Amino acid sequence: MDVDAGHGAALGGALPTPGESPLTRRLRSLLTWPAADGDPVTTLVRAHRGIHPSADASVLRRAYTIAENMHRGQFRKSGEPYITHPFAVAQICADLGMDTTTLVAALLHDTVEDTRYTLQALQEDFGREVAHLVDGVTKFDKAFYGKAAEAETVRKMIVAAGKDVRVLIIKLADRLHNMRTLGVRSAASRERIARKTLEVLVPLCDRLGIQTLKRDLDDVVLLHLQPEEHARIARFVHDRPGWDAYLADVVSRTRVALRRNRVDAEVSPRPRHLYSIWKDTVAGDHATPYDLPRIAIVVDGPATDCYAALGAVHGLWRPVPGRFKDFIASPKNNLYRSLHTSVCGPQDRTVEVLIRTTEMHRSAEYGVAAHYRFPRAAGRAADRADELAWLRRVLDWEQDTVDPTQFMASLRCDLAEAQIQVVADGRQVVLPAGATPVDLAYELGTERGDHCLAARINGRLAPLSSELEEGDVVEIFTESDAESGFEAAAAPRGPRREWLGFVKSPHAQMQINRWFADHTEPGISIADKVRLGRASVGLALRTYNRGLASDLPLLRLSEELGYPDLETLLVAVFDRTVEPDAVVRQLIDLVDHRK
Ligand code: MN
């Protein structure tokens with residue numbers, strides 16, 4: 001897929017020509033939009049039907065017409081009519097292979113925020129699903145929420161994504177197009193936006209496994225943060241004499257070897273994107289851009305064929321020691337699966353080789369979007385649940401974080417964190433880098449965390465504060481482990497306060513705090529009761545797949561139920577004077593009928 005070429009052409013030159021004033025551009029675009037070759041929706045429908053042949057085009061036309069009408073008279077900073085933006089976002093979603101509902105929501109994604117079109121009208125015209133998606137990417141009003149607006153907006157988006165992950169896909173496409181059209185802004189604002197993208201949206205995209213979108217985001221971030229470096233790498237990639245011929249030779253010899261070994265597979269060159277070359281160049285301190293020739297082998301059969309292909313490649317060229325990685329047996333934490341090896345190829349040049357099945361290739365390229373792009377490929381429900389494990393974890397601690405700025409800080413921290421995988425209870429567990437056995441214990445379950453006493457790392461007893469490393473095999477011992485050999489009576493029950501000093505994950509931190517709050521009665525403060533009451537409401541909401549973007553609905557409910565203020569209601573929940581479930585049912589009622 002080539003997103004770039006696709007919509008650049010469709011927009012009749014959406015990427016502004018340098019040196020042209022916004023006014024000139026506005027005048028020019030009024031002449032060229034809609035595109036000279038007729039109706040822009042046709043382009044979109046064509047892209048969409050290329051992947052989903054029986055898709056309904058009429059709803060796309062209807063959405064486009066409304067969006068175009070509502071945004072009429074509005075212009076982008078670049079001078080183009082505003083509709084070019086939602087159109088480009090829908091085009092990115094179409095190229096990604098998303099379904100019609102996503103495309104409709106993408107076309108309308110800015111209407112509620114920026115025009116007189118209301119969420120109510122949107123829901124009446126296009127249904128609840130589209131309304132939910134648009135609401136998920138609609139920003140909170142700065143005038144009303146003040147400084148907290150930005151953090152609250154991200155929180156709302158994450159909660160909405162918990163119900164429907166397509167919210168995040170539209171947001172990523174929206175940011176990609178905004179980043180591509182940053183050219184007209186000042187250097188300072190370009191850098192600020194690019195940095196935010198790098199901090200939150202790029203890692204988000206990575207967690208969702210959508211590599212095809214992440215490559216585009218990476219490159220456009222590099223373009224804005226390091227324009228000279230971007231140009232240098234682009235120049236290097238553009239003129240490399242003999243590079244293509246060399247790769248073609250490697251590909252054809254590999255094909256022959258595979259055929260001889262009766263492995264059915266597609267072999268192709270696998271170019272690295274600019275950002276990835278730049279990163280390796282900087283990391284290795286190379287004076288000139290560093291990039292090795294790379295090919296991908298996508299086998300047509302089961303996973304075992306990957307190993308047969310590996311054997312064929314290693315039989316052809318000597319493997320470079322220490323470079324083989326089996327991400328099929330141990331998938332990376334965003335569930336990436338492949339075999340990686342490097343071989344000493346023709347002319348003694350090192351060649352990198354990726355080997356995977358068709359299904360692995362699809363999920364490596366499209367991540368959560370793969371289920372929409374290939375709806376008939378039986379995506380196992382368990383796989384989908386695994387893909388969203390990260391999101392569910394974030395939603396867990398989201399419930400307990402009252403302050404939106406604190407939520408944002410935890411999210412940023414979680415996203416910035418490199419992750420490691422350790423083995424416990426015979427399975428792989430993903431933890432933030434720098435995590436300790438206590439983090440692991442809580443990840444395995446609240447009980448295990450609260451009562452953990454000691455840990456064995458790779459067979460040796462280790463302090464609970466030890467930093468775990470990638471691949472460690474860890475055993476957690478609790479008070480109830482008879483074989484642990486620890487005197488249960490001698491050890492105090494429950495977590496220790498000092499754990500708060502070294503645990504790494506927001507989840508463990510939250511659980512430890514909760515334990516102390518639960519166990520320090522009767523001295524428990526009102527503030528704690530309020531916090532815990534709110535957490536109970538949050539957890540109950542989760543069972544309905546709902547979340548709270550702000551306190552407003554709760555505030556209204558407390559009024560309606562006759563409480564003097566919100567705090568009193570939350571304390572009542574803590575004391576179980578009212579059941580959290582009852583509160584939540586009334587809350588949902590209230591929200592759904594007022595919207
Ligand atoms: Mn937008």
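These values consider heavy atoms only, across backbone and side chains, with no hydrogens, waters or symmetry-generated copies. Ligands are counted one by one from 1 in listed order, and the atoms in each one are counted from 1 as well. Computed from a predicted model, the values in this text were never measured in an experiment.
Here E365 does not pair with R373 in a salt bridge; the nearest charged N to carboxylate O distance is not below 4.0 Å. The residues R534 and D551 are annotated as salt-bridged, a charged nitrogen and a carboxylate oxygen being separated by less than 4.0 angstrom.
Around the Mn ion (ligand 1), protein N, O or S atoms at less than 2.8 Å comprise H85 NE2, H109 NE2, D110 OD2, D174 OD1.
Atoms CZ and CD1, from F236 and I233 in turn, are 7.5 Å apart once rounded to the nearest 0.5 Å.
Judged purely by distance below 3.5 Å, without hydrogens or angles, the side chains of D39 and Y64 never pair a donor atom with an acceptor atom.
Under the 6.0 Å distance and 45° angle rule, R337 does not count as a cation-pi partner of F327.
In this structure, H230 contributes its side chain and P227 its backbone to no donor-acceptor pair below 3.5 Å.
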